[in-house]
Amino acid sequence: MPASPAPGTSFTRPVVAVFPARRTTVTVTPMSSLLENGRSHDCGALRHADVGATVVLFGWVHRRRDHGALIFINLRDRFGITQVVIDPDLAPAAHAAAAVLRGEFCIAVAGVVVSRGDNINAQMPTGEIEVSLRELEVFSSADVLPFNVADDAELDATETHRLKYRYLDLRRPSLQKNFVLRSRLATLTRLTLAEAGFLELETPYMVKYTPGGARNFLVPSRLNPGQFYALAESPQIFKQLFMVAGMDKYFQICRCFRDEDLRNDRQPEFTQIDVEISYATPERVQAPIEALIRRAWKDILGAELPQQFPRMTWAEAMARYGSDKPDTRFGLEFIDLKDIVAESGFRMFTGAPFVKGLCVGPEHSEALTRGRLDKLTELVKKRESGGAKGLAWARVQADGSWQSPLAKNLSAELVAAINARMGALPGSVLLIIADDFHVTHQALNALRLELRDSLDLVARAGRSPWQFLWVTDFPLFERTDKGYVSSHHPFTSPRAVDLPLLDSDPAQVLAQAYDLVLNGNEIGGGSIRIHRSDVQAKVFAVLGLSEAQIQHKFGFLLEAFRYGPPPHGGIALGLDRISMLMAGATSLRDVIAFPKTQKGTDLMTGCPSGADDEQLAELFIRQAPPEGT
RNA sequence: GGGGUGGUAGUUAAGUCGGUUAUAACGCCGGCCUGUCACGCCGGAGGUCGCGGGUUCGAGCCCCGUCCGCCCCGCCA
C-alpha cells in the first residue's frame with residue numbers, strides 16, 4: 001500500500017505542506033483538486049497497519065454524526081465504509097466546510113490514518129482506524145433522498161421507488177454485493193469454459209420471426225417495408241449451426257428476449273450461459289457444467305459440492321415428488337397406496353387411478369391442528385394446486401388406529417397396511433390424495449412445498465443447503481387438445497431405444513433431455529439434438545408440421561444438416577436465477593441491474609413509449625385507433 | 001385473459017363504527033453538544049389520503065370506474 005497518494009502527472013511543482021497533525025507530520029502534494037491525483041485507497045482498505053499514512057478517499061457520505069465540534073462521517077464506496085473524524089482543532093477550514101455535508105454527498109477527503117484507540121468498532125472491517133480529516137472537497141451535493149439508501153433495509157423502500165431511482169437502490173451495500181457476485185460468476189464462467197476448450201462466440205439478437213413457442217418481440221425493418229426482425233428468444237439454432245460449422249465447443253453469455261407474462265423469477269430479457277458441444281452425450285455436456293458450478297460455489301461461496309451431482313429420471317421425480325424440479329433438501333416423499341387400497345371397497349380410493357400420500361412424522365406433526373388440516377384441504381382444492389376434490393387425512397393414535405373422517409370407512413386391516421406402507425408412527429399425520437395422475441401429483445406437490453415452508457422442513461432436515469439434481473429422460477412430447485407439442489423444442493433427440501415409438505406411440509417416447517435443478521428451482525436445461533434428417537422428419541410429422549411450415553421455419557437448418565452435421569448437444573443455464581440463488585435473493589430484480597416491472601415497463605426511463613409519426617411512417621407502421629372510438 | 005393484495009408527509013407505516021385540527025417513526029430545517037458509530041437533547045416545517053365520479057349533513061374510511069406496484073394461475077417450444 002502506498003503511504004501517500006501517487007503524484008499526479010499534472011503537477012509539475014510538488015509542494016510540501018505540513019499538516020498540523022497531532023501524531024505525525026506528513027508531506028503531501030497539495031492540489032487544486034484531489035481528483036487529479038486520485039484516491040490512495042478505497043473505503044474498505046485501511047487497517048491498523050496503515051496508521052500514520054496520509055490517504056485520499058473518495059466516496060459518499062453514508063452517515064454523518066455532528067457533535068457540534070467533532071464531526072464523524074462514514075464514507076462509503078462499493079468496497080466498504082471508513083469513518084472520517086473532523087476535528088476543528090486540527091483542520092478548522094475543513095471543519096467549517098464539512099458543516100454542509102449531508103447524506104449521499106459525493107466527496108473527497110484527504111487526511112491521516114489514526115488509531116481509534118479505545119473507540120474501536122468491531123462491527124466494521126475498518127473499525128480499528130479512522131481518517132483524521134485535513135482537506136475536504138465536495139464533488140457534488142445530494143437532494144433529500146427519495147428513500148433511505150444508508151439503512152440498506154429492503155423494507156425501507158417500496159418496489160416502485162426502488163425501480164424509479166434504481167441508481168440509488170443499486171448504491172445500497174446489499175445490492176452491490178449481489179452484483180459483485182454476479183460479475184464473479186460471469187468471469188468464472190468465461191475462465192472455466194475457455195480453459196475447457198470452449199470458444200466464446202456471438203449470435204445475432206435480431207433474428208427471423210418464427211411463430212410458435214415463446215412470443216417474440218418484433219423489430220420493424222425500415223429497409224424492408226412491412227417486415228420484421230424478432231429479438232432472439234434463444235440462440236438455439238445458431239449454436240447448432242456453430243456445430244455444423246466445426247466450432248466443436250461453443251459458449252456464450254447471452255441475452256434472450258421473450259414477450260411472455262412476467263413473474264418474480266421471469267424477466268422479458270434475461271441472461272443465459274449458453275453451451276453446445278459436438279459429439280455430445282448427456283454426460284459430456286453435464287460434466288463441464290458441473291465443474292463450472294462446483295468452482296463457482298467454492299470460489300464465491302466457499303461451499304464444497306459433491307464430485308458428481310445426483311441424477312433422477314423425470315418419471316421418478318414425478319413419482320416421488322410430483323414435480324420435474326423437486327426440492328430434495330428434505331424428505332416427505334410421496335408414497336404409493338394404490339395397490340393396498342384397490343380392494344378396500346371405499347369408492348374414493350377404488351375410483352381413482354392414483355392414490356398417494358405423505359406421512360408427516362410425529363416430530364413435525366404437532367403444528368398440524370384440525371384448523372391447519374382444513375387449510376391444507378382448501379389448498380389442494382385450489383385450481384393452481386391441481387384442483388383435487390379433497391384431502392384425506394388421518395392422525396395416527398398410540399394403538400395405530402386413525403383419528404380421521406375416513407376412519408369408519410376403512411377396516412382395521414387396511415389401516416394397519418397403510419400405516420406400514422407409509423412408515424406411520426403414533427403421532428404421525430397422513431395426507432392422502434386420490435385422483436388422476438396430474439391432479440394427484442400436482443396437489444401433493446403443492447402440499448409438500450407448503451409443509452416445507454410452514455413446518456420449516458428444510459432446516460430441520462439438516463441436509464446440505466445446496467441440493468443439485470439432474471432430471472433426465474423427459475417425455476419428448478406433450479399431448480394437448482390440438483395434438484402433440486414438443487416438451488423442450490423440436491430439435492431434441494429421442495432416446496435411441498425409443499425411436500420405433502415415434503410411429504406407434506409418441507407419448508411414450510423419452511428425450512435425451514436434462515434439466516439442472518437446484519433446491520427446487522430449474523436453473524438450466526438442455527438436450528442432445530437430432531442430427532439425422534430422417535429422425536427430424538418423423539418428429540416434425542408427430543408435431544403435425546406441414547412441409548411448407550417446416551421449410552419456412554427451419555429450412556435453413558435442415559439444409560445445413562445435409563452437409564455433414566456432427567452429433568451434438570448442449571445446455572443453457574439461467575445466469576440470473578443462479579445469481580439469485582447464490583445471493584440468497586428472493587427476486588430476479590435483485591440480481592438484474594435495471595429490471596422491468598411485472599407489466600414490462602421501466603419505471604426509471606418510462607419505457608416502453610410511443611414513437612413519433614415520422615418514424616412510424618418510415619417503418620410503415622400505422623396505429624390502429626384505440627378500441628371504442 | 002384470470003385471481004389476490006397494496007397505493008395516506010420526502011420515506012416507511014397506523015388510521016377503530018363514516019364525525020373536531022389525519023398520527024407515529026425515520027428523514028428534512030433550526031438550535032445545543034469534542035468520541036460518536038442507527039450519536040444524543042430541544043424546537044420546527046412538511047398532506048391533491050394514486051386519479052375520476054357517486055352516496056351522505058359529513059368520506060382516508062362506503063359504492064362505481066380507472067391508473068400503477070407486488071404475488072400467483074394461464075402463458076414461458
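When reading the values below, keep in mind they use all heavy atoms of this one structure, side chains included, and skip hydrogens, waters and symmetry mates.
- Interatomic distance, CG of A:Leu588 versus CZ of A:Arg263, reported as 13.0 Å (0.5 Å rounding).
- Between A:Tyr165 and A:His161, the ring-plane angle classifies as parallel under the 30° and 60° cut-offs.
- Separation of the C1' atoms belonging to B:G4 and B:A45 is 40 Å when rounded to the nearest angstrom.
- Stacking annotation: A:Phe72 is stacked on the base of B:U36 (ring centroids less than 5.5 angstrom apart, interplanar angle below 30 degrees).
- Remark: nothing in residues 539-558 of chain A comes within less than 4.0 Å of RNA chain B through any heavy atom.
- Looking only at distances, no side-chain donor or acceptor of A:Arg78 sits under 3.5 Å from a matching main-chain atom of A:Gln176.
- Looking at which nucleotide of RNA chain B each of A:Pro146 and A:Met124 is closest to, the 5′-most match is held by A:Pro146.
- A gap of 24 Å separates the C1' atoms of B:U21 and B:U11, to the nearest Å.
- Residue A:Arg63 is in sugar-phosphate contact alone, with no base atom involved, counting any heavy-atom pair closer than 4.0 Å across all strands shown.
- The pair A:Glu450-A:Lys375 does not meet the salt-bridge criterion, since no charged nitrogen lies less than 4.0 angstrom from a carboxylate oxygen.
- One C1' atom belongs to B:G18, the other to B:G54, and the distance between them is 15 Å to the nearest Å.
- Distance A:Ile81 CD1 to B:U36 C1': 15 Å, rounded to the nearest Å.
- Salt-bridge annotation for A:Lys596 and A:Glu269: present, with a side-chain N of the basic residue lying under 4.0 Å from a carboxylate O of the acidic one.
- The base of B:G35 lies close enough to the side chain of A:Glu130 for a donor and an acceptor atom to sit less than 3.5 Å apart.
- Figure legend. B:C41 is base-paired to B:G31; pairs are counted as Watson-Crick or G-U wobble with both atom distances under 3.5 Å.
- For B:C75 and B:G53, the C1' atoms lie 36 Å apart once the distance is rounded to whole Å.
- Put simply, the side chain of A:Asp143 and the base of B:G10 share no donor and acceptor less than 3.5 Å apart.
- Look at the C1' atom in both B:A22 and B:C61: the space between them is 12 Å, to the nearest Å.
- For the pair A:Asp473 and A:Arg495, the salt-bridge criterion is met [side-chain N within less than 4.0 Å of a carboxylate O].
- Spacing of C1' atoms, B:C72 relative to B:A9, comes out at 33 Å, to the nearest Å.
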For residues 60-72 of chain A, run the donor-acceptor check on the side chains, cut-off 3.5 Å, and write out each pair with its distance to 0.1 Å, sequence neighbours left out.
| from | atom 1 | to | atom 2 | distance (Å) |
| --- | --- | --- | --- | --- |
| A:His62 | ND1 | A:Arg76 | NH1 | 3.0 |
| A:Arg63 | NH2 | A:Asp151 | OD1 | 3.2 |
| A:Arg64 | NE | A:Leu101 | O | 3.1 |
| A:Arg65 | NH2 | A:Asn74 | OD1 | 3.1 |
| A:Arg65 | NH2 | A:Gln83 | OE1 | 3.0 |
| A:Asp66 | OD1 | A:Gly68 | N | 2.7 |

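- Phosphate proximity of B:C29 to A:Arg102: present, with a side-chain N or O under 4.0 Å from OP1 or OP2.
- Using a 4.0 Å cut-off between a side-chain N of Lys or Arg and a carboxylate O of Asp or Glu, A:Asp590 and A:Arg162 qualify as a salt bridge.
- A:Val144 comes within contact range of the sugar-phosphate backbone alone, with a heavy-atom separation under 4.0 Å but no base atom that close.
- Using modelled atom types and a 3.5 Å distance limit, the side chains of A:Asn216 and A:Glu233 yield a donor-acceptor pair.
- Only the P atoms considered, B:G6 is 27 Å distant from B:C26, to the nearest whole Å.
- Side-chain N/O atoms of A:His67 include none lying less than 4.0 angstrom from OP1 or OP2 on B:U36.
- In this model, a side-chain donor or acceptor of A:Arg266 finds a partner on the base of B:C76 within 3.5 Å.
- Taking a cutoff of 4.0 Å between a charged side-chain nitrogen and a carboxylate oxygen, A:Asp169 and A:Arg166 qualify as a salt bridge.
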Anything under 3.5 Å between a protein N or O and an N or O of nucleotides 66-71 of chain B, put it in a table, one pair a line.
| from | atom 1 | to | atom 2 | distance (Å) |
| --- | --- | --- | --- | --- |
| B:C68 | OP1 | A:Lys599 | NZ | 3.2 |
| B:C68 | OP2 | A:Lys599 | NZ | 3.1 |
| B:G69 | OP1 | A:Thr597 | OG1 | 2.9 |
| B:G69 | OP1 | A:Thr601 | OG1 | 3.1 |
| B:C70 | OP2 | A:Gln598 | N | 2.8 |
| B:C70 | O3' | A:Arg589 | NH2 | 3.2 |
| B:C71 | OP1 | A:Asn264 | OD1 | 3.0 |
| B:C71 | OP1 | A:Arg589 | NH1 | 3.4 |
| B:C71 | OP1 | A:Arg589 | NH2 | 3.0 |
| B:C71 | OP2 | A:Arg589 | NH1 | 3.4 |

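- Between A:Ser486 and A:Arg64, it is A:Arg64 whose nearest contact on RNA chain B lies nearer the 5' terminus.
- Here, B:U23 and B:G65 have their C1' atoms 30 Å apart, quoted to the whole Å.
- Side-chain nitrogen and oxygen atoms of A:Arg65 include none within less than 4.0 Å of the OP1 or OP2 phosphate oxygen of B:U36.
- Here the two rings, on A:Phe242 and A:Tyr250, have centers that are under 6.0 Å apart.
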